[in-house]
Amino acid sequence: MKRFIIYMYALLAAMSAGTTAIMGAEPLAVRSGKIVGAESGEPRPLHGVSLAWHHFADRYYNADVVRTLHRSWGADVIRAAVSVELGDGYLANPRRAMRALETVVEACIEEDCYVVIDWHCHHIRTEEAVGFFTEAARRWGDKANVIYEIYNEPENDTWSEVKAYAERVAAAIREIDPDNIIIVGSPHWDQDVDIAADDPLTGYDNIAYSFHFYADTHRAENMERCDYALSKGLPLIVSECGAMDHLGGGEVNYEWWGRWMQWAERNDIGWIAWSLSDKVETCSMLRHGAPAEGGWGIDDLKDWSLLVISSLKQKTNENR
Ligand code: MG
């Protein structure tokens, strides 16, 4: 029954043509373990959608998609997942990567929503990351809209290796941009936030830490580790999440998605849902062949996107 109600609610929300009123992008800061508005000091949890790896999904990296996610779905943040190592990613074809990124960043600035520039990589590539983020900071570091996510998901690196990498990339960004939020990852696909909490970066302002969950895999034990990190004052943001298993497959787990949503709300933590593509897998929000121009109808949307839209609409209604 609950699932049916969520489904119907999301269906109506998705089909309503009206524009959703969302707060615009203000400069952000990290204070007392939370992401806040730099001027108001009030918590500013962001809620939105991640685009998929650009090397196979960059046909959705366009202003029409940004507008649909922002105005119709109610996302106040969009994450551009710049592929690094895989396929025709940044290492093989930096021009294609920067073109896709630029289109999305400029569209988000135009829409007055936030954009996460995500170095979507699973291994440390310090010099390439320094070059990439130096260019991003030069181009957009004076815009309140931009957030840097410097390492999507470490797989095999220790925390000391991830920390050393993060310090190097943060130093490069801070040479140019003194204030925009930098999101730092943690070992094992951003699961080890408890370890980062015991030994966080020092010497830089406005650093947040990513935690990623997939609600059908990550449950009570992961929530406890996050609670430990929060108890130590570590500022968290869920820069990627899903309601299915950690491989993006299986069933949508409504119960544990709901529990994580409540946890995030209780702690003023924002979340970004993975991902906007038409790949045939549970975590891809669009049905195969959905148009690249946004404005999708019900035939283009899957259970997962309806749940995301419903969760986003709940946030925007609360903020009215
Ligand atoms: Mg700045």
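These numbers come from a predicted model, not from an experiment. As the structure lists them, so they are numbered: ligands from 1, and atoms in each ligand from 1.
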- Item | Rounded to 10 degrees, the angle O of Gly141 makes with OD1 of Asn180 at the Mg ion (ligand 1) |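 It is 90°, given to the nearest 10°.
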- Ion pair check, Arg96 and Asp88, cut-off under 4.0 Å: yes
- Return the name of the atom in Asp179, of element N, O or S, nearest to the Mg ion (ligand 1).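 Closest to the Mg ion (ligand 1) among those atoms: OD1.
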- Can you name the N, O or S atom of Asp177 that is closest to the Mg ion (ligand 1)? OD1
- Message: Below 2.8 Å, can you find an N, O or S atom of Ala137 next to the Mg ion (ligand 1)?
- Response: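 No, Ala137 does not qualify, because none of its backbone or side-chain N, O or S atoms lies under 2.8 Å.
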- Item | For Trp304, the option from Tyr214, Tyr254, Trp257 that meets ring pair (Phe, Tyr, Trp, His ring centres under 6.0 Å) | Trp257
- Message: Which label fits Trp119 and Phe132: parallel for a plane angle under 30°, tilted from 30 to 60°, or perpendicular past 60°?
- Response: tilted
- Message: Once you measure the plane-to-plane angle for Trp260 and Phe211, does it fall in the parallel (<30°), tilted (30-60°) or perpendicular (>60°) bin?
- Response: tilted
